[in-house]
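On a predicted model such as this, the values are computed, not experimentally measured, just so you know. One is the number of the first residue; the rest follow in order along the sequence.
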Amino acid sequence: MPTTTNALSVPAASAPFEAVQIERRDLRDDDVRIDIAFAGICHSDIHTVRDEWGAAHYPIVTGHEIAGTVSAVGDGVTKFAVGDRVGVGCLVDSCAECENCKNGQEQFCLKGSVGTYNARNYDGEWAAGGYSQQIVVTERMVLRVPEGIELDEAAPLLCAGITSYSPLKRWGAGPGRKVAVVGVGGLGHMGVKLAAAMGAEVTTLSRSADKADDAKALGATTHIATSDRAAMREARGSFDLVLNTVSADLDMEAYLRLLRPNGALVNVGLPPSNFSVKPGSLIIGNKSLSGSNIGGIDETQEMLDFCAEHGIGATIERLDASDTTTIDAAYDEVVAGKVRYRYVIDTATIPSA
């Protein structure tokens with residue numbers, strides 16, 4: 001029989017969070033039931049809840065940065081046992097049979113991967129995310145959280161961590177490479193930590209100097225205020241990789257000018273407007289303008305292992321959800337850029353409906 005669990009849900013785009021009970025399916029042979037301890041608040045959650053990307057299905061339980069412990073496993077599960085420390089990220093299923101799935105890129109499943117929330121499972125039921133106390137997921141999509149990372153600091157790694165790690169790895173962040181990270185926020189602070197741990201020389205770019213001290217504490221050697229035109233001119237031709245983590249409309253030409261020949265400007269944020277770039281800005285200097293999604297399951301596990309090896313976790317602020325208006329207020333704080341640097345819900349505090 002399915003089980004019920006406490007959760008935080010939004011019934012409509014303009015409505016506040018409310019405490020509800022939701023059903024989780026009975027365990028299938030390959031399923032893992034997880035007692036969720038912490039769930040990070042990603043800006044994608046906010047876009048979805050507020051129907052800013054369209055096609056939101058209400059009522060909705062968001063959250064795809066999930067960390068907890070295994071409480072039960074199906075008869076066919078071989079990778080996990082009760083008590084294991086685990087996480088779940090942006091995906092809860094894929095076909096496992098197509099070329100992309102077999103190549104470790106489940107996020108590009110040709111049948112269509114199943115998101116952790118606001119997506120239909122293959123059985124037709126709508127997926128409900130991690131702002132809850134339990135979740136049931138096929139073992140293929142469950143990640144092991146290594147010792148050395150606290151669960152609350154691990155939760156945001158399942159989205160913010162892999163979203164930053166994947167392009168840094170792909171574009172060769174490492175010793176002898178100069179990396180600039182645009183934005184020191186939920187994604188950006190992870191980009192700084194990871195690039196520095198990879199051995200790159202890291203510079204942060206932000207509208208002002210307000211986060212300069214924070215950036216250096218995270219691992220950056222230099223901070224540039226993008227409002228300082230002289231500093232931006234001086235930085236031209238300096239970087240092998242510019243990782244843009246913000247979802248604001250920016251002048252891409254200005255950031256392409258920061259690249260060395262053969263450099264790449266990679267976007268992981270989703271701004272509301274289209275980019276406008278002159279072809280010559282790419283051709284002159286062999287520069288690339290690219291995007292990056294999350295990583296597949298194997299790469300996400302690789303990222304978690306890397307973080308454990310280097311003592312990296314997200315910089316977080318815990319949230320008590322016993323008053324559900326706290327979550328509404330946290331959403332506004334994230335949009336205003338006031339969180340340092342990821343809010344994480346203590347799911348034990350979610351009240352009963």
* Check ion pair D93-R140 (N to O, under 4.0 angstrom) -> yes
* Asked: Does the side chain of E299 pick up a donor-acceptor pair with the side chain of S166 at under 3.5 Å?
  -> yes
* Pairwise side-chain contact, V88 with I34, heavy-atom cut-off 4.5 Å (strictly under) -> yes
* **Closest non-hydrogen atom pair between A321 and I327, with its separation** => CB-CD1, 4.2 Å
Give the table of side-chain donor-acceptor pairs shorter than 3.5 Å for residues 196-204, with sequence neighbours excluded, one pair per line with atom names and distance.
unit_1: T204; atom_1: OG1; unit_2: T222; atom_2: O; d: 3.4
unit_1: T204; atom_1: OG1; unit_2: H223; atom_2: ND1; d: 2.8

* **Under 3.5 Å side-chain donor-acceptor pair for E106 and N100** => no
* Can a salt bridge be assigned to the pair R28 and D123 using a cut-off of 4.0 Å between side-chain N and carboxylate O? -> yes
* Asked: Any ring pair (Phe, Tyr, Trp, His ring centres under 6.0 Å) pairs touching residues 297-321, not counting sequence neighbours?
  -> Y165-F306, F306-H310
Exercise answer: donor-acceptor pairs, residues 184-195 side-chain atoms, under 3.5 Å, sequence neighbours excluded:
unit_1: H189; atom_1: ND1; unit_2: G185; atom_2: O; d: 3.0
unit_1: H189; atom_1: ND1; unit_2: G186; atom_2: O; d: 3.0
unit_1: H189; atom_1: NE2; unit_2: T315; atom_2: N; d: 3.0
unit_1: K193; atom_1: NZ; unit_2: G313; atom_2: O; d: 2.7
unit_1: K193; atom_1: NZ; unit_2: T315; atom_2: OG1; d: 2.9

* **Check: Y341 main-chain N/O paired with E317 side-chain donor or acceptor under 3.5 Å** => no
* Decide, yes or no, whether a salt bridge links K169 with E302 under the criterion of side-chain N to carboxylate O below 4.0 Å. => yes
* **Donor on one side chain, acceptor on other, D35 and S71, under 3.5 Å** => yes
* Answer whether the closest heavy-atom distance between the side chains of I41 and E65 falls below 4.5 Å. => no
* To do: Please test R342 against E153 for salt bridge (charged side-chain N to carboxylate O under 4.0 Å, His left out), starting from the C-alpha separation and ending with a verdict.
  => CA-CA 9 Å; R342 205 63 154 186; E153 296 181 358; over 6 Å; no
* **Separation of H57 NE2 from D51 CG (nearest 0.5 Å)** => 12.0 Å
* **Those residues that, when tested against D240, pass salt bridge (charged side-chain N to carboxylate O under 4.0 Å, His left out) (two or more places apart)** => R177, R260
* Asked: Given side chains that start at C-beta, do those of L158 and H64 come closer than 4.5 Å, heavy atoms only?
  -> no
* Between T347 and Q133, do the side chains contain an N or O donor and an N or O acceptor separated by less than 3.5 Å? -> no
* Where at least one partner belongs to residues 72-90, residue pairs that pass side chain to side chain donor-acceptor pair (under 3.5 Å), sequence neighbours excluded -> D84-R144
* **Ion pair check, E125 and R25, cut-off under 4.0 Å** => no
* Asked: If we ignore angles and hydrogens, is there a donor and acceptor under 3.5 Å between the side chains of T48 and N118?
  -> no
* Please work out which of the three classes, parallel, tilted or perpendicular, describes the rings of Y331 and Y131, given edges at 30° and 60°. => perpendicular
* Asked: R257 and S281: side-chain donor and acceptor closer than 3.5 Å?
  -> no
* To do: Nearest 0.5 Å please: distance from the CG atom of L143 over to the OG1 atom of T300.
  => 5.5 Å
* To do: Look up atom CG in L205 and atom OG1 in T226, then write down how far apart they are to the nearest 0.5 Å.
  => 7.0 Å
Taking only distance into account, with no hydrogens and no angle test, what donor-acceptor pairs under 3.5 Å do side-chain atoms of residues 268-279 form with protein atoms, sequence neighbours excluded?
unit_1: S273; atom_1: OG; unit_2: D249; atom_2: OD2; d: 3.1

* Are any non-hydrogen side-chain atoms of I46 and V49 less than 4.5 angstrom apart? -> no
